[in-house]
Every structure is written in C-alpha cells, then in structure tokens.
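Notes follow the structure.
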Amino acid sequence: MSGFTAPHCGSLRASDAGKEVELYGWVARRRDHGGVTFLDLRDRWGIVQVVVRTASVASDVRGEYVVRARGAVRRRPAGAENPKLATGDIEVDVEELEVISKSKTPPFEIEDDVAADEATRLKYRYLDIRRPKMARTLELRHRVVQAIHRYMSAREFIEIETPMLLKGTPEGSRDFIVPSRLHPGEFFALPQSPQQLKQLLMVAGIGRYYQIARCLRDEDLRADRVVEITQLDVEMSFCTEEDVLGLIEGLWASVWKDVLGIDIKTPFPRLDMQEALLKYGTDKPDLRYDLVIADVSDALRETSATVFRSALDAGGVVRCFSVPGGKDMSRRELDELALMAKGAGAKGLAWIPGPLDRHLAEGEVSAIMAAAGAGVDDLVLVVADRRRKAETVMGLLRREIARRRKLARQGEWQFLWVYPMYLFEEDDQGNLTYGHHPFTSPWPEDMDLLGTRPYDVRARAYDCVLNGVEVSGGSIRIHDRELQERVFEILGMSREKIRAQFGHLLDAFEYGVPPHGGIAAGIDRLMMAIIGTENIRDVVAFPKTQSHQDLMLGAPSPVDQALLDELHIKVVPPTKPS
RNA sequence: GGUCCCGUGGUGUAGCCUGGCCAAACACGCGGCCCUGUCAAGGCCGAGAACGCCGGUUCGAAUCCGGUCGGGACCGCCA
C-alpha cells in the first residue's frame, strides 16, 4: 500500500476505531515513559497520538523524523481522552514503526506559538510551513480562491490569462523589467496589473473577464505589502458602479458563507473619500472601533496658543479625537505617541487635559472636548498641521490607540465602500496626478470642472475596505477616446508620450468600445483580514523581506557573465558617495 | 530618500541606561539515565554563546562612541 492513499494522521476519528491503519507523518513530540512511549504524529491534517509499547522501537525516533507507523486505531482508555486534539478520542496502537527519514534538530520549535525571529523562519520556510497554523492558512487561502472561481464562473465570467511580459510604462509603480535577448537594449516589464489588457478584452467583446493574477511592483515594502501580489482581477462591460459593487458584495458574502460559514450583511455602508479622511484620517478606516476624528479649526481661529495659531495661519487645520478613559494614560505613553506623531512628520502632539491647557481659553478647551465628544475620564489628542499631514497623523494615532487599548471588536466583519473618490490628487511636488489610475471615468456631473477645478472632480472609483484593510478597488473606465486623451493631457502628458505609451489603447477605442468598468481585489490582504493578522507574510507561502530578498533561496543573486553578455547587459557597480 | 526599534548558546529572553562582581543568567529545546498512560509528561545529570561584524574610547566593553551588515515598524513611495 502506498503512503499516498493511507489515512491522514489528523483525520482519524472515533468512528475509525477498530481499523488497522498505516500512518505516515512527522514526529511532533515524543513522551517516553520507559515501558510505554507516546509519539505525536503530524501531517497537514493534524496530529494523532500513537502508542509504542516496545521501548527499543521508539528509542531511536526523534523530533521531525518521518516515520511509517502501522497499527490499530482504538478508543483511548476512559479518562485518557485529550479534548485539545481533534483526534483526541482515539490513538493508534503501534505494531510496526519504521523510520523513513531522519531529521536534524530544527532551528526553531515547530508549534503554533513560535516566537522565532522572522528571518530564521523565512530562511527555513519549509519548516515554518510545517506549523499547523501556517498549513491551515494556506489551505484556507486555497478554499477562498476556489470559492471565488465558483462564484465568478457561475456568473458567466471567464478566466483569461494575460502575458507576464508586457510593455514598460513610466506611470504608476516602478516596473520590474526583463531584458530582451533578441532586441538589445530593450526590455519587457512584468505586470503591475493586467489593467490595459482587461480593458482591451472588453473592446474584444468578452464582456465578463476575471483572472487570479500575479502582479509585481518594485516598491518599498510595508507590513501589508509584498512585491508579488495575487489579485482577483475583474472587468465587465455595459455596467455601472452598482453592478460592480453588487457583484463584489455578493462575492464576499458567498466566500464568507462557503469558506467560513458566516453570513455577512449586504449591501455594505458607503463613505465618500472626504468624509473618510476627516472622520478616520485614512482612506481605509477600521470601523470595528469608534474613535471619530473632529475638526476644531474654527473653534480655535482666534486662539492665543501659538502651536495651533501658526498652523491655522499657514492654512492648516486642527484635528482631534477622544480616547475613552484616556485620563489614565501615563506621561511615558503620551510621549511615545508624540514620538510616533513626529515620526510621521507632525510638528508635535497635544493632549487635553495637558500642559497646553494654560495657553487655551476656557471656551476653547470646552469646545475641543465637546467636538471630540469627550467626557470627564477621557483624554483628547490634538494635532495641528497641513490638512493632509494632520489626516495622516490622526489616522495613525487612531489606529495605534485602538491597538494599544484593544478597542477593535473581535469577530466583526466591517466592510465598507469608500465611494466616490477623487479623480486627481496633488503629489509631493504639488503637481496634479491621478487618484486611482488614468483610465478612471470622471463623475458625469463634474465634467465641466475638468478644466477649471480638477481637484474637485469626483471619480467613478471605489475601494472596498474590510476591518481597516483595503481589500479591493476599481472604477468605471473612460470608454471615449477624446475624453481619455483629455485626461492624459490634464495629467501633463505630451501628445508624443500619449501616443508612445497608450497608442494601442486609443487605437482600440476607435473600433467600438463598450462602456466598461471593473475592480481588483488583493487576495493577500483579504487573507490578512480573514485570519486577523497585520503581517502579510503570514498569508504568503514564500514571502520576501522588506529589502526584497528571499532568505531561503538567497535571491537575488549574481548571474554568469556569459548570460549577461548574451543579454547585452553591463553591470555598473554603485559608486559610494564620498 | 528619511525616521525609529532590534541583533547575546539551537530558540526566546535577562544583563546594556548607571563599563569591572559576566568566559554571561533563566526558560524551552538538545544529549544521557530512570520511569507502563502521557499529551507543554515528570525526575536526576549534562553539553552548549567570548555577546552580528569592523574600528574607536578606556587600565578594563556584551555594556559607551562611530561605521557596516542583517531583520522589523513607519513616513515618502505603492496608477
């Protein structure tokens, strides 16, 4: 009999009692009592206890050895059941035990609550994945993706693969590029997303497209970002926002039902961008806790407190929110928060009651308290700065307070749509840039603002946020060649550049374009929300580090000079600034 | 591009602020012995780190300073 068809260690139940089985697995733990030895045998499905009564057989078995154990499943003696194990009602009485392969002592213990350094875990990822929690997460991820396939397929969406080797573009994120051997000095770009291809599929008349696609962006990493993301990419023709939002609400409801057995409420609440930034200081608010931010700029217009006054005079804002029961926060904790605010670029952090009170008029203090909705036991955190900076800092503090004081209500699934958003944003240099991407359709009623007040033009764009994680985002696209060209021009692109970068799309738009729109959902972030982690590496089998390294494979690495020559590539080592 | 945190046996931590009492403590793991019912088994015994690396200060550095490498968090960036 092959081990492949043998029962799984973790799948045995009381109903299997009496069966003669052969088990294959890893030794998770050995408890040697002299006359009798218990081995916990682990496979992807779980752990089962096997009992070895021949001391000599068990004595040379060690942790992480791969073994074959043959014996009879039987109910455990009364009182010896282990309710902590799914297999805890039974055990396997070993008649034959064979060591298939030995193991060195692993660099960290293979158990769910490992505290091993993440670098070590990444180097030995194959051991890390042996941890039941990791294996469960990967299996859950598979089930989520399968549920997505079923749902999309049932609605007549078809999965179409798009190329990995695309044309580079200076827009958006930095491209990963691949040298062309046959075209010296020219490069392909790996996809940041199949955006243009899926729009072209709409021109092609496909109507309903989806793909579970890998996308690569060469950007600096964060706790919630990886280099290679997996996204559900969707595009559909003749649709409105309501069609897309409804489709995705139905999708999440279906995934939650099928995979988690949970009913979630649809439709999801909606919040426009402006309100999200004001009340939560972020475009992806976590609604599992309250902490609503208030603007108190007007109340402090005449204040004599210099910190607020100078910010307001410079055209900035003063924002605050109340920390319930925050009066008990220590000076040390407040200093930590202030340090964090400064780290995010704020000039400082004020709190009420606090040292700044004496610079404020009586009425100003009470106005702030009232706006924040603060009671006598509460503490109000106040930041004065340029609007965008104040929003960022308040959002950061709001999240930090919730984390420190464990304010997020567990077990809640707080979905929401941020919609509508804005078509354009201001970049660091004060230049106009797109908010979502340059193919996003302007809000019809705002069309005449395009030439005059572009920043006020709303976009037919939407983000779906779950528990503070942006899980998807998309838009209704421009399907008119002239409007598309106009938007490119407002973005400051020359005719020549438009031609070179997007000529294929504009050409296609001359052959009958259906109105279309779509959305992309990040599977990695979705999984983060589902398992409740803030570390995206927890949901990826083989993730890279913050500096884009694969510690297990040792990638990136140099390649043979011969290969470089063939690709017409010359490496210029970085010069150190003196 | 920037700010911050971390780097001590196989693993996780303590020690570092206030240099010498630290060839460094504790727990887990590991090795040996004992033990027929445990399941984080238990008991006894034992091995194992000159403190990421380089340089400096000092009579003396795990402890102070500079640099460097590695990991992480955040700002910028991420259409």
Side-chain angles (χ1 to χ4, degrees), chain A residues 28-40 47-55 59 62-64 76-85 87-88 91 93 104-124 127 169-175 192-193 195-196 215-227 229 336 339-346 388-389 392-393 396 399-400 423-425 427-429 433-440 459 461 470 473-475 487-488 491 501-502 520 522 534-535 537 544-547 549 551 576:
Chain A
R29 211 169 275 280
R30 184 173 71 125
R31 290 178 295 279
D32 187 349
H33 287 244
V36 62
T37 298
F38 300 97
L39 299 177
D40 287 342
I47 282 173
V48 70
Q49 171 169 286
V50 304
V51 188
V52 187
R53 290 177 198 284
T54 328
S59 62
R62 290 291 182 275
E64 300 313 314
R76 292 197 185 186
E81 300 88 354
N82 183 353
K84 283 188 252 171
L85 286 181
T87 60
E91 61 192 10
D93 220 1
K104 296 208 288 191
T105 300
F108 51 86
E109 291 166 60
I110 316 266
E111 26 179 63
D112 276 346
D113 52 355
V114 277
D117 179 65
E118 197 167 359
T120 312
R121 289 173 51 200
L122 289 176
K123 181 173 178 191
Y124 299 94
L127 297 180
T169 139
E171 304 301 307
S173 186
R174 192 178 295 112
D175 282 323
Q192 295 178 25
S193 93
Q195 181 60 36
Q196 293 183 50
C215 304
L216 299 99
R217 296 170 190 176
D218 188 0
E219 292 296 341
D220 291 347
L221 264 28
R222 284 290 197 294
D224 62 346
R225 279 191 226 157
V226 275
V227 173
I229 65 167
E336 282 171 13
L339 193 69
M340 181 172 213
K342 281 184 188 147
R388 276 182 57 190
K389 185 62 72 182
T392 304
V393 173
L396 206 66
R399 210 177 64 190
E400 182 64 16
L423 196 62
F424 301 112
E425 287 175 0
D427 71 14
D428 239 21
Q429 282 76 46
T433 182
Y434 38 73
H436 180 58
H437 60 48
F439 316 109
T440 303
E470 184 195 322
S475 63
V487 168
F488 283 146
L491 288 166
Q501 294 299 321
F502 302 107
E534 293 196 344
N535 182 353
R537 285 165 248 112
K544 293 186 170 45
T545 66
Q546 204 165 53
S547 59
Q549 292 191 76
L551 297 179
K576 282 231 166 171

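A note on names: the letters A, B, ... follow the listed sequences, proteins ahead of strands, and every chain is numbered from 1. FYI, side chains are in, hydrogens and waters are out, and symmetry mates aren't considered; it's all heavy atoms of this structure.
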Original post:
When the distance from CZ of A:Arg222 to C1' of B:G1 is rounded to whole Å, what number comes out?
Top reply: 12 Å
**OP:** Please state how far atom CG in A:Asp32 lies from atom P in B:G31, giving the value in whole angstrom units.
**Re:** 12 Å
Subject >> Per-pair stack call A:Phe108 and B:U11, 5.5 Å, 30° >> reply: no
Original post:
Tell me: CZ of A:Arg76 to C1' of B:A41, nearest whole Å?
Top reply: 13 Å
Original post:
Taking only side-chain nitrogens and oxygens of A:Thr120, does any of them come within less than 4.0 Å of OP1 or OP2 of B:G71?
Top reply: no
**OP:** Would you kindly give the CG-to-C1' distance between A:Asp40 and B:C39, to the nearest whole Å?
**Re:** 6 Å
Subject >> Atom P, compared across B:A73 and B:A27: separation rounded to whole Å >> reply: 32 Å
Subject >> Whole-Å P distance, B:C53 and B:G7 >> reply: 13 Å
Original post:
Do any side-chain nitrogens or oxygens of A:Arg30 fall under 4.0 Å of OP1 or OP2 in B:A40?
Top reply: no
**OP:** Please state the P separation for the pair B:G31 and B:C21 - nearest whole angstrom.
**Re:** 34 Å
Subject >> N or O in side chain of A:Gln49 less than 4.0 angstrom from B:U38 OP1/OP2 >> reply: no
**OP:** Pick the C1' atom in B:A41 and in B:U36, then give their distance to the nearest Å.
**Re:** 13 Å
Original post:
Base, sugar-phosphate, or nothing for A:Arg62, non-hydrogen atoms under 4.0 angstrom?
Top reply: sugar-phosphate
Original post:
Taking the same atom, C1', in B:G42 and in B:C35, what whole-Å distance lies between them?
Top reply: 9 Å
